[in-house]
Amino acid sequence: MKRIDYQALLNPAQYEAVTTLYGPLLVIAGAGSGKTRTLVYRMARLVEEGIPPEKILLLTFTRKAATEMLRRASAILSEDRCERVLGGTFHSLSHLMLREYGELVGLSRHFTIMDRGDAEDAINLLRNALGLAGKGRRFPKKETIAAIFSKMVNKMMGLEDLIEAEYPHLLGDIEDLARLFRHYVQYKLEHQLLDYDDLLVYWRRILAEFPRVRESVAERFNFIMVDEYQDTNHLQAEIVRFMAEGHENVMVVGDDSQSIYSFRGANFRNILEFPRLFPGAKIIKLEENYRSTQPILDLANAAIARAKEKYTKCLHTKRKGGELPVVFRGRDEAEQSRFIADRILELREEGVELSDIAVLFRSSYHSFDLELELTKRDIPFVKQGGMKLIETAHIKDIIAHLRIIVNPIDMLSWNRILLLIEGVGPKTSQQLINYLRYTPEPIKALETYPAKPAIREGLGRLARTLLAMAKEGLSPEERLEILFEYYLPLLSRVYHDDYPKREKDLDHLLSIVGRYQDLDDFLTDLALEPPEASVASVEPYDTDRECLVLSTIHSAKGLEWHTVFVISLVEGRFPSGYSLGREDDLEEERRLFYVAVTRARERLYLTYPGTMYIPGQGRTIAKASRFLAELPARLSRNWHEIQAELSPDEASVVINIETGPAFQPGEWVKHPVFGTGQVRGMTDQHKVVVNFETAGTKTLHLKYVKLERLAP
DNA sequence: AGCCCGTCGGTTTTT
DNA sequence: CCGACGGGCT
């Protein structure tokens, strides 16, 4: 094992955090202040001190983040013991614990995890059954109800208090909502269904009610580290408190200025309550920024300075120089998209990798226009955030079939798959479910059900398929293949408009399932770590290909890029129209803007369209976001002014690189991004046409391209 | 009575 | 681009 010179590798504050191993520790870390680095080195330190890695627990916001940190810690120690640290999200940890201890509170080992959509479906079903919907009766949408129920649980608030505080217009519906909530809880219990919140709720409950479990868990995990603590909620804080009982070796890291998940019950004040939860906690602040240039930080500081409540100080860096962030106003969305595509192509020719550039936005649909432009120009991209693969109807169909194999009393899934049968609607499905519900073997019972002749054939085929899938000893992949034989013909009937597109997703799913030995694991991972829906590269499985990143700001948390574009900075989009009414929500939008701009290392572009198409209203004038309007003028430059200052000849030239002697046709050259290629010729003094081996033929402007001559 | 299918409206953020 | 809704069909 390598000895590590921590003092040389870390600044004094980071060093102190890394070497404080025992007792409660709160680290307030500004954006780009080496928060991840600190966590990684602390993990290495613990292992180096002889702590068995399996006694360390690392809780992060996504499982990807945890895996990445463990990989880095192992690299530092040049050994792989760190991989044995248990890392994951609160939800994945709770899931793991419930599979182990769930029986204590009446959970089967094969409970099903519902995603948000499933929860909404169940709520909808119950709402109809209770007669709370339809016919002139005004009742909140299932999305709203699900949000209310989720907030109640995560904030550990009563329904009445929550409605009063956040949904005063629904005060009249409290009784019905309460009744619906009781039924929802009952329904989940009956069918062994757990929504995301239940994972946390049940785990907390076990910890609270069973001191023996608490003891053995505290013994199992001697050291707990929590990342992104500003986005945890009260429920999660309690889980931490219980799990650390006895040893109190808990380190949490966060930045109250980056709290962006209050819609999920997170409260940035949580981070300040940590010292109350763990009296005697040591507090360390990391304030020096290692990521961005000072002009970018100046803009970020100015944006967050207007926040009503904040606790961290100004970010500063020792880095010198840097360009002012650029503001661009396009005539419309199409011009905004063209501008971004133009800049991206220039950056690529400067040698900035596509994957080191990101376009960030408030809501997933804000990038639709840009996606069209990128496709037109053949710029490959991946999109993070927004629609997940598992949220598409056809994938949910598949998942529902698989869930029944694991948990045959999951009547929510039964409902879904029965509705796929021709001739079966909501009524028939409910009757069937009432029949299947209390039979010991629901799948077999399907065939014996006294059904109308019109649907008997369909039920029989479903029963035979499920029986074949349920056979012992099959791999998940084999089960899926059996299912496809049954499902593919359905697909073209049910989704006749666009089934070829959906068929491709099914292939994608098949390629994912191949990695799993256990169906339970596969379903759990799909729910807890859902793969993104769109991989827009031309060849779907070509993940090596370098891609531009399009991402919601929420999904960009913790990441950084050379250049960042923040787009659609228009009132109503960002800040979102939903937030305009409430002060707290607006504050969160502001923090979201802060998170967005602090993702950039070298260059930052803030763009917005002057007009926008709004369905119903047609073309409307867009008003620049208040986040732009409020910025002091000296902190950014306007693109149109930059252009006006340049001579017409230079207008599109960004940087100068000395041009060498003219390239000759037939010469071999190497480009930092496109790789090697052969020169076709020069179109004029400045432009060379190169036929690249993999990237195809490109015309490059010599003033800003880095071409290397290769020996013949 | 219950199902199918075309139309239309309206779109936050995520484990 | 998905879900609610209403009219027509079995």
Side-chain angles (χ1 to χ4, degrees), chain A residues 59-65 88-95 113-121 124 128 133-135 141-144 146-147 150 153-154 194-200 228 231-233 235-236 259-266 360-366 368 384-388 390-394 396 418-419 421-431 452 454-455 493-498 501-502 524-530 532-534 551-557 568 572-580 585 588-589 591-592 595-596 614-617:
Chain A
L59 293 173
T60 54
F61 214 68
T62 63
R63 203 155 45 176
K64 211 168 95 207
T89 61
F90 274 92
H91 291 87
S92 68
L93 168 79
S94 299
H95 167 258
I113 302 175
M114 314 158 80
D115 64 22
R116 184 54 168 268
D118 300 327
E120 287 168 4
D121 288 348
N124 206 29
N128 293 335
K135 289 193 226 88
K141 288 184 299 184
K142 61 183 188 332
E143 291 85 0
T144 313
S150 179
V153 167
N154 280 293
L194 270 69
D195 63 25
Y196 287 132
D197 303 327
D198 289 329
L199 292 172
L200 304 180
E228 310 280 9
D231 284 323
T232 58
N233 56 45
L235 192 52
Q236 291 165 321
S259 170
I260 54 177
Y261 277 89
S262 73
F263 65 89
R264 221 165 90 177
L360 306 182
F361 32 85
R362 173 65 178 85
S363 309
S364 178
Y365 71 93
H366 295 169
F368 287 170
Q384 306 285 340
M387 194 72 167
K388 297 284 193 292
I390 196 182
E391 285 165 357
T392 56
H394 51 299
K396 296 196 86 162
L418 289 172
L419 289 174
I421 294 170
E422 195 154 25
V424 177
K427 279 278 156 27
T428 315
S429 163
Q430 268 316 308
Q431 284 163 15
K452 281 184 294 190
I455 59 170
R493 175 173 63 80
V494 182
Y495 307 103
H496 47 90
D497 299 354
D498 57 354
K501 224 185 277 170
R502 294 175 189 262
T524 299
D525 280 7
L526 277 185
L528 293 183
E529 206 69 12
E532 304 288 335
S534 66
S551 176
T552 60
I553 299 166
H554 284 90
S555 296
K557 180 157 112 152
S568 275
R573 282 198 165 191
F574 192 14
S576 148
Y578 288 83
S579 71
L580 297 179
D585 292 346
E588 178 146 316
E589 298 286 311
R591 293 193 293 270
L592 202 51
V595 169
I614 295 177
Q617 296 175 42

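First the proteins, then the strands, lettered A, B, ... as listed; each starts at 1.
- Contact check on A:Glu589 versus A:Arg362 returns a salt bridge, with a Lys/Arg side-chain nitrogen under 4.0 Å from an Asp/Glu carboxylate oxygen.
- Within the 4.0 Å cut-off from OP1 or OP2 of B:dT14, not a single side-chain nitrogen or oxygen of A:Tyr261 is found.
- Listed candidates were B:dT15, B:dT13, C:dA4. Nearest to the side chain of A:Thr552 is B:dT13.
- Ionic pairing of A:Lys557 and A:Asp231 is present here: one or more N-O contacts between side-chain nitrogen and carboxylate oxygen are shorter than 4.0 angstrom.
- Taking only side-chain atoms of A:Ser364, from C-beta outward, the nucleotide of B:dT15, B:dT13, B:dG2 with the closest atom is B:dT13.
- Nucleic acid contact class of A:Glu529 (heavy atoms, under 4.0 Å, all strands): none.
- You'll find that the side chain of A:His554 is closest to B:dT14, out of B:dT15, C:dA4, B:dT14.
- Summarising the geometry of A:Ile390 relative to A:Leu526, their closest heavy-atom pair is CD1-O, 3.6 Å, with the distance given to 0.1 Å.
- At least one side-chain nitrogen or oxygen of A:Ser555 sits closer than 4.0 Å to the OP1 or OP2 atom of B:dT14.
- Taking side-chain N and O atoms only, A:Thr62 has no distance below 4.0 Å to OP1 or OP2 of B:dT15.
- Proximity of A:Arg573 to the phosphate of B:dT13: no side-chain N or O atom is located under 4.0 Å from OP1 or OP2.
- Comparing atom distances between the A:Arg116 side chain and each of B:dT13, C:dG3, B:dT15 picks out B:dT15 as nearest.
- The interatomic distance linking A:Lys388 (NZ) with B:dT12 (P) rounds to 15 Å, in whole Å.
- Per the geometry, CD belonging to A:Glu391 stands 10 Å off P belonging to C:dG3, to the nearest Å.
- Map A:Val424 and A:Ser579 each onto its nearest nucleotide of DNA chain B; the residue landing nearer the 5' end is A:Val424.
- A:Asp231 places its CG atom 12 Å from the P atom of B:dT15, with the value rounded to the nearest Å.
- The side-chain ring of A:Tyr578 is stacked on the base of B:dT12, judged by centre separation under 5.5 angstrom and plane angle under 30 degrees.
- Put simply, CD1 on A:Ile455 is 18 Å from P on B:dA1, counting in whole angstrom units.
- Between the C1' atom of B:dC3 and the CG atom of A:Leu418 lies a distance of 15 Å, rounded to the nearest Å.
- At distances below 3.5 Å, at least one donor-acceptor pair connects side-chain atoms of A:His554 with backbone N or O atoms of A:Ile260.
- A close approach under 4.0 Å does not occur between any side-chain nitrogen or oxygen of A:Lys141 and OP1 or OP2 of C:dA4.
- Under the 3.5 Å distance criterion, with hydrogens and angles disregarded, no donor-acceptor pair is assigned to the side chains of A:Ser579 and A:Ser576.
- Stacking between A:Phe61 and B:dT15 is absent: the ring centroid is not both under 5.5 Å from the six-membered base ring centre and under 30° in plane angle.
- A straight line from CD of A:Glu143 to P of B:dT13 spans 12 Å, rounded to a whole angstrom.
- Residue contacts shown for A:Gly385 are limited to sugar-phosphate atoms, with no base heavy atom under 4.0 Å away.
- Residue contacts for A:Lys142: at a heavy-atom cut-off of 4.0 Å it reaches the sugar-phosphate backbone alone, with no base atom in range.
- Residue A:Thr428 has a polar side-chain atom (N or O) positioned under 4.0 Å from OP1 or OP2 of B:dC3.
- Atom CD in A:Glu589 sits about 12 Å away from atom P in B:dT12, given to the nearest Å.
- Side-chain atoms of A:Arg63 and A:Ser92 include no donor-acceptor pair closer than 3.5 Å.
- Rounded to whole angstrom, the span from the CZ atom of A:Phe574 across to the C1' atom of B:dT12 amounts to 11 Å.
- Ranking B:dG2, B:dT15, B:dC3 by closeness to the A:Arg264 side chain, first place goes to B:dT15.
- The residue among A:Ser429 and A:Thr89 whose nearest nucleotide of DNA chain B lies closer to the 5′ end is A:Ser429.
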